[in-house]
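Chain letters run A, B, ... following the sequence lines, proteins first, then strands; residues in each count from 1.
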Number of protein chains: 2
Amino acid sequence: MGVKLTDVAKKAGVSATTVSRVINNYGYLSQKTIDKVHKAMEELNYQPNSMARSLQGKSTQLIGLIFPTVSHPFFGELVSKMETKLFEKGYKTILCDSANNKEKERDYLKMLAANKVDGIIAGAHNLGIPEYENVELPIISFDRHLAERIPIVSSDSYQGGRLATEHLYQRGGRRIAILTGTNESDSPTNQRLEGYLSVVKEHQLEPMVYHFPLEHSPFLKATEIRQILSKEGIDSVFCTDDLTAILVINTARELGLEIPGNLKVIGYDGTEFVQNYHPQLSTVLQPIDQFVDLLIDLLMKRINNPDIELDNLYQLPVKFVQGQTS
Amino acid sequence: MGVKLTDVAKKAGVSATTVSRVINNYGYLSQKTIDKVHKAMEELNYQPNSMARSLQGKSTQLIGLIFPTVSHPFFGELVSKMETKLFEKGYKTILCDSANNKEKERDYLKMLAANKVDGIIAGAHNLGIPEYENVELPIISFDRHLAERIPIVSSDSYQGGRLATEHLYQRGGRRIAILTGTNESDSPTNQRLEGYLSVVKEHQLEPMVYHFPLEHSPFLKATEIRQILSKEGIDSVFCTDDLTAILVINTARELGLEIPGNLKVIGYDGTEFVQNYHPQLSTVLQPIDQFVDLLIDLLMKRINNPDIELDNLYQLPVKFVQGQTS
DNA sequence: AACAATATGTCAAACGAATAACATAGAAGA
DNA sequence: TCTTCTATGTTATTCGTTTGACATATTGTT
């Protein structure tokens, strides 16, 4: 069906081996032949068959990205930037939206192995997938413990939790609540909670912890937030993600609460999206660009040398961003 | 390196052909053998090498998705849903963030051909890429004319423009501005503008058209919006996307303008994100789920029968969503 | 018992490209 | 002129899987 190497050879009037030599740049070649072959390739719009190449032993230049969903601005930005950087390096991206579905994530792992990807960057939120232990592919994890020997890139969530909470305290907050995800011991969200608790304890405040399961729809979350805000005498809220913070702000407005007068709100993530479209929100900024650089650099190292020793954990610093909601 | 078919054969105590027969389900097979082989495959954690399979003639089950960027909520949701649906159908997704970069889009097209994808869904915003004319792969386009014979799935942008503008008029708007993208004759954004112009003309209002190049950063856009809102005596703004509408609302708030009292605002897109986190925004809802279903259904048709005749244009209806900003 | 249907095996040729081994020819240098 | 590069060609093998052709058992049916 498609144009193949032998067609190029015929067109250029050289042997198939010579074409292969040009493509893979080995052996002796005259500039004249190289030009002839390139011309023929262009004229025929020839693309070497990736399947055949990698079957022969060449790498596929494919990378699998396993993340919950690109419909979330945080992961959308992360994935978009990774894809861009990977493409610049000559890699193609297979997108795997794990959608908080264990089965799907397992299937993805199999699929990626079958497709002989060169490596995987995984930042899904499913726990308890023992398959990661057995994957011999280079893997780097974002923000999750997946298995022994798989390095984790994350930010200093504990410090982030402390930063946010301490800031609320300095601003006069004395009844500071935290809205966070489900209580999973090794999740970074939990580290944010730990940071919050440590500051609350230091100042001898009453901890007020509200867990929001990830599966809950924003609508359901908003309902719960409404109850929390109208019942309890809360003066500050630390949300462990920006989207929840936006819900809190919307709800507070509904309830006629002045921000930051009656209620101070801090989010977490600081995506470009939030900085552009919700610049008023105080938040803790995660260094997305640095995540991307580090994740890819580490993966490249593992790909080029599978046995290289890497640290277990790379923790990048976070930054508090002052808006007008606190 | 990896486990291969012959290893499975050895383990199961059958011939390689029999294993292949089990995998591809042809010829005569006893249940006993089938079970034996499956057991061996599981024990060895065997995955057929996709490269070898598709080299042999089997389809790759790969689909390329070319869109501007998943960091934008609209495309993030669209891509996320397509990926999910494709995975359910046994396809893997190669993500191509074209980033409004013609060169990159061209490269992607080559790359997807080299990787022998089964089909492409393209919704990038670059014009003038003649390469699309020559691609023999099944392609379906989202919202853009790419080439002859490539069906376009879109929504009724003209009607959407009319809906929004007419609504603003009914609400008392008499000086209605439109904030839209660059003036590209065959873009759907332009159809929204056409719809706006037709209503403005019907009511003999003065058209006020502001073009915002896509490349402009949100910050720059906000600056321009500030100028527009403070200078001209505008009482209503129709934005051809929701994010711009959010910028307008933010700016109006800054300027102390009451919404919808002093200024009415309508957006366009109505992503789940906006509906959840900006429920107050009046907007024109694009049917993302229907886009996804139709795009994929059409692509499957083309894949299963490359010569099937499809319409040039599939236009889905839009819906006005009343919020509190108009 | 004879014949068909079922179940498996052996063998070989693809798929498209990479590459090693070897041959050959011209050009350059001693 | 003889050697050594340099430049190309020929040929065959390999990658892992699919599949067709053909052979050979083992069943089941009448």
Evaluation steps, side-chain hydrogen bond (donor to acceptor under 3.5 Å, both in side chains), between B/Arg53 and B/Asn24: CA-CA 11 Å; B/Arg53 297 195 88 198; B/Asn24 297 287; 2.8 Å; yes
Residue-level proximity of residues 23-39 of chain B to DNA chain C when a heavy atom falls under 4.0 Å: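 Those residues are B/Tyr28, B/Leu29, B/Ser30, B/Thr33.
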Candidate list B/Leu62, B/Thr93, B/Ile63, test side-chain contact (heavy atoms from CB on, under 4.5 Å), partner B/Val117, passing option: B/Leu62
Qualifying residue for side-chain contact (heavy atoms from CB on, under 4.5 Å) with A/Ile120, from A/Ile150, A/Leu65, A/Ile66: A/Ile66
What is the distance, to the nearest angstrom, from the [atom1] atom on [X] to the [atom2] atom on [N]?
X: B/Leu55; N: C/dC15; atom1: CG; atom2: P; value: 9 Å
X: A/Met41; N: C/dA17; atom1: CE; atom2: C1'; value: 13 Å
X: B/Leu5; N: D/dT19; atom1: CG; atom2: C1'; value: 12 Å
X: A/Asn115; N: D/dG16; atom1: CG; atom2: C1'; value: 14 Å
X: A/Gln56; N: C/dA20; atom1: CD; atom2: P; value: 10 Å

For the atom pair [atom1] ([X]) and [atom2] ([Y]), what is the distance rounded to the nearest 0.5 Å?
X: A/Met51; Y: B/Lys58; atom1: CE; atom2: NZ; answer: 15.5 Å
X: B/Ser20; Y: B/Asn25; atom1: OG; atom2: CG; answer: 11.0 Å
X: A/Gln61; Y: A/Ser54; atom1: CD; atom2: OG; answer: 10.0 Å
X: A/Ile303; Y: A/Leu298; atom1: CD1; atom2: CG; answer: 11.0 Å

N or O in side chain of A/Ser20 less than 4.0 angstrom from C/dA18 OP1/OP2: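 Result: yes.
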Residue whose nearest DNA chain C nucleotide is more 5′ - A/Val19 or B/Gly57: B/Gly57
Within the 6.0 Å centroid threshold, strictly below: A/Phe74 and A/Phe67: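 No, ring centres 6.0 Å or more apart.
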Between [Y] and [X], is the closest basic N to carboxylate O distance under 4.0 Å?
X: A/Asp307; Y: A/Arg302; result: no
X: B/Lys39; Y: B/Glu42; result: no
X: A/Lys85; Y: A/Glu88; result: no

Check against side-chain hydrogen bond (donor to acceptor under 3.5 Å, both in side chains), A/Ser80 and B/Asp97: CA-CA 7 Å; A/Ser80 171; B/Asp97 266 24; 2.9 Å; yes
N/O-N/O pairs, protein side and nucleotides 10-12 of chain C side, under 3.5 Å:
from	atom 1	to	atom 2	distance (Å)
C/dC11	N4	B/Thr17	OG1	3.1

Selection: residues 42-54 of chain A, any non-hydrogen atom under 4.0 Å of DNA chain D: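 Output list: empty, so none.
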Name the pairs: protein N/O against N/O of nucleotides 24-30 of chain D, kept only if under 3.5 Å.
none

Test log, rule salt bridge (Lys or Arg N to Asp or Glu O under 4.0 Å), inputs B/Lys301 and B/Glu309: CA-CA 10 Å; B/Lys301 279 191 185 169; B/Glu309 273 306 318; over 6 Å; no
Pair A/Asn101-A/Glu105, side-chain donor/acceptor within less than 3.5 Å: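 Their side chains do not contain a donor-acceptor pair, so the 3.5 Å distance test is not met.
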CA sep, side-chain torsions, deciding dist, call: A/Tyr314, A/Phe291, ring-ring contact (aromatic ring centres under 6.0 Å, His included): CA-CA 10 Å; A/Tyr314 295 82; A/Phe291 283 153; over 10 Å; no
Difference in axis direction between the ends of the helix from C/dA1-D/dT30 to C/dA30-D/dT1, five pairs, 10°: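 Terminal axis comparison yields 30°.
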Per A/Lys58 side chain, nearest of listed nucleotides D/dG16, C/dT19, C/dA14: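 Nearest nucleotide to the side chain: C/dT19.
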Where at least one partner belongs to residues 63-76 of chain B, residue pairs that pass salt bridge (charged side-chain N to carboxylate O under 4.0 Å, His left out), sequence neighbours excluded: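 Listed once each, the pairs would be none.
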